[in-house]
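Encoded as structure tokens, the structure appears first; notes follow it.
Every heavy atom of this structure was used, including side-chain atoms; hydrogens, water molecules and symmetry mates were not. Below, chains carry the letters A, B, ... as their sequence lines are ordered, and counting in each starts from 1.
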There are 2 protein chains.
Amino acid sequence: MTRREEIIKAAKVLFRERGYRSVSMRDLAKSMDFKAASLYNHISSKEEILAEIVLDVAHFFTKEMEQVKSLGADTKTQLEAVINHHILITLENPEAIAIVNNDWLHLEGIHFEEFLKLRNAYEQDLRDIINQGVNAGEIGSKNTEIVLFSILSTLRTLHSWYRKRSGIDGEQLRNDITEILLRGVIK
Amino acid sequence: MTRREEIIKAAKVLFRERGYRSVSMRDLAKSMDFKAASLYNHISSKEEILAEIVLDVAHFFTKEMEQVKSLGADTKTQLEAVINHHILITLENPEAIAIVNNDWLHLEGIHFEEFLKLRNAYEQDLRDIINQGVNAGEIGSKNTEIVLFSILSTLRTLHSWYRKRSGIDGEQLRNDITEILLRGVIK
DNA sequence: GTCTATAACCTGATAGAC
DNA sequence: GTCTATCAGGTTATAGAC
């Protein structure tokens, strides 16, 4: 692991614990046992660290969605796949997911725009899947936006909830959440 | 409206927009067209403003929950009431709800402890309602914590979603969300 | 590649004039 | 009750020694 990667890794822990704004470059350097100025040999700004963490996750979600879309399956199968992927990524990468959800607003300029583009595209893909389900009669006549929100709100906050209750079996978690979310919207 | 109340009101807008840590006392003063030092004639610290906003909401939720408990109805009716109250409070008070969700971790000392006490009690009451439903056979044999989370995660993030889509009819929103959340867990 | 020193600025909060 | 001036400390980031 390069020094740069070590910095990103240490930042993930601190940013998740206390929030991006609350962590100073001195804090980050101290957690790695050297001085703040030395960080700038490996990264060019604090915001660059945040951007790398957040955009990595966003690109990963985009890839997973591409894969789901390529299945060409019915709505229930596709929703199931999206939910399962989302949960698996969350359980494997909880720090990064927490940072994405809590601190993406602190991205600046081009990073902010790229994140928003990826996030909007992901939401639009999920919206398309839901609409396809409404047209095929798999989903009741509820407002598409509300269906979209009811699913995403649960998936996007799973990280904070799982943290406090990590005793729960990952398999049961995935099964129960998938079932609850699908039962809520599938006819 | 006293000057103190005006300050709280202005803080709600700014804290919600940019987050508690990102808003300086100078920013807050500027938005009211006077200087930062003057704020301290009406409030004793920045954290006191946050505490007033957050604890007000928390006490309000506690009162609503007391009322639901006093109904002594079956699980479905009680869940329906909790969900409805939660949505109504959110639509009427979106700034304060957003601040509670995003910035309660910045509370300090006694304020932090009081908030946690209220929040834990609210969660425990909802957990009791769910467990009562499991025992009465109204809810399937899913893990209680997962049922609790699937409901709260959606309700607690409604504020951010409603903001962008305020065109949606409040009545339909309440009906659809209630139906989706209940269908997910009620047998 | 890490250090010390420092620039330039922002932070919450207070003292005291008016 | 608002102002100016100020304090003590924190912020990101850079320059130059080693």
Side-chain angles (χ1 to χ4, degrees), chain A residues 1-55 99 102-115, chain B residues 1-55 99-100 102-113 115:
Chain A
M1 188 155 55
T2 66
R3 184 113 294 188
R4 190 172 199 282
E5 289 167 332
E6 283 174 13
I7 292 172
I8 306 277
K9 192 180 164 193
K12 274 186 194 166
V13 176
L14 292 185
F15 288 176
R16 188 254 181 94
E17 206 101 341
R18 321 209 305 257
Y20 172 74
R21 290 264 321 195
S22 300
V23 176
S24 72
M25 295 300 270
R26 288 174 175 81
D27 294 334
L28 179 54
K30 188 178 274 180
S31 85
M32 306 185 66
D33 262 318
F34 48 70
K35 301 291 174 182
S38 306
L39 295 171
Y40 290 90
N41 277 309
H42 309 282
I43 50 96
S44 70
S45 75
K46 186 187 179 189
E47 195 264 353
E48 188 190 89
I49 301 176
L50 178 66
E52 181 146 332
I53 295 170
V54 170
L55 291 176
I99 296 167
N102 296 329
D103 289 317
W104 68 269
L105 276 165
H106 293 112
L107 291 175
E108 291 164 25
I110 198 174
H111 296 142
F112 183 86
E113 284 156 31
E114 184 177 352
F115 175 78
Chain B
M1 189 157 52
T2 66
R3 183 112 299 186
R4 189 171 199 281
E5 289 167 332
E6 284 175 10
I7 292 171
I8 306 276
K9 191 181 166 193
K12 273 186 194 166
V13 176
L14 292 186
F15 288 176
R16 188 255 180 94
E17 205 103 341
R18 319 208 310 255
Y20 173 73
R21 289 262 321 193
S22 299
V23 176
S24 72
M25 295 300 272
R26 287 168 176 82
D27 293 334
L28 178 55
K30 188 178 273 182
S31 85
M32 305 185 67
D33 262 318
F34 47 69
K35 300 292 175 182
S38 308
L39 296 172
Y40 290 90
N41 277 307
H42 309 282
I43 50 98
S44 70
S45 73
K46 186 187 179 189
E47 194 265 352
E48 187 189 89
I49 301 175
L50 179 65
E52 180 146 335
I53 295 170
V54 170
L55 290 177
I99 296 167
V100 171
N102 297 329
D103 288 316
W104 68 270
L105 275 166
H106 293 113
L107 291 174
E108 291 164 27
I110 199 174
H111 297 142
F112 183 87
E113 283 154 33
F115 175 77

What is the distance from atom CD1 of A:Ile53 to atom CZ of A:Arg16, rounded to the nearest 0.5 Å?
-> 12.0 Å
For B:Ile43 and C:dA13, what is the distance between atoms CD1 and C1' respectively, to the nearest whole Å?
-> 10 Å
Please tabulate, one pair per line, each protein N/O and nucleotide N/O from nucleotides 3-5 of chain D that are separated by under 3.5 Å, including the distance.
{"unit_1": "D:dC3", "atom_1": "OP2", "unit_2": "B:Lys35", "atom_2": "N", "d": "2.6"}
{"unit_1": "D:dC3", "atom_1": "OP2", "unit_2": "B:Ser38", "atom_2": "OG", "d": "2.9"}

Verify the contact: side-chain N or O of A:Tyr40 to OP1 or OP2 of D:dA13, cut-off strictly under 4.0 Å; return yes or no.
-> yes
Which salt bridge (Lys or Arg N to Asp or Glu O under 4.0 Å) pairs, counting each pair once, include a residue from residues 29-48 of chain A, with sequence neighbours left out?
-> A:Arg4-A:Glu48
One should read off an interatomic distance between A:Met25 CE and A:Ile7 CD1, to the nearest 0.5 angstrom, of 7.5 Å
Protein-nucleotide distance (A:Leu39, atom CG; C:dT4, atom P), rounded to Å | 14 Å
Write down the distance between CD1 (B:Ile49) and C1' (C:dA13), rounded to a whole number of angstrom.
-> 12 Å
Within residues 10-30 of chain A, residues whose heavy atoms come under 4.0 Å of DNA chain C = none
Looking at CD1 of B:Ile49 and CD of B:Glu52, how far apart are the two atoms once the value is rounded to the nearest 0.5 Å?
-> 9.0 Å
Between P of C:dA13 and NE2 of B:His42, the distance in whole Å | 15 Å
Output the distance between atom CG (A:Leu50) and atom CD1 (A:Ile43), rounded to the nearest 0.5 Å.
-> 11.5 Å
Output all residues satisfying ring pair (Phe, Tyr, Trp, His ring centres under 6.0 Å) with B:Tyr20, sequence neighbours left out; order by chain, then residue number.
-> B:Phe15, B:His106
Applying salt bridge (charged side-chain N to carboxylate O under 4.0 Å, His left out), name anything that partners B:Glu6, two or more places apart in sequence or on another chain.
-> B:Arg3
Residue pairs involving residues 17-29 of chain A (criterion salt bridge (Lys or Arg N to Asp or Glu O under 4.0 Å); sequence neighbours excluded) = A:Glu17-A:Arg163, A:Arg18-A:Asp27
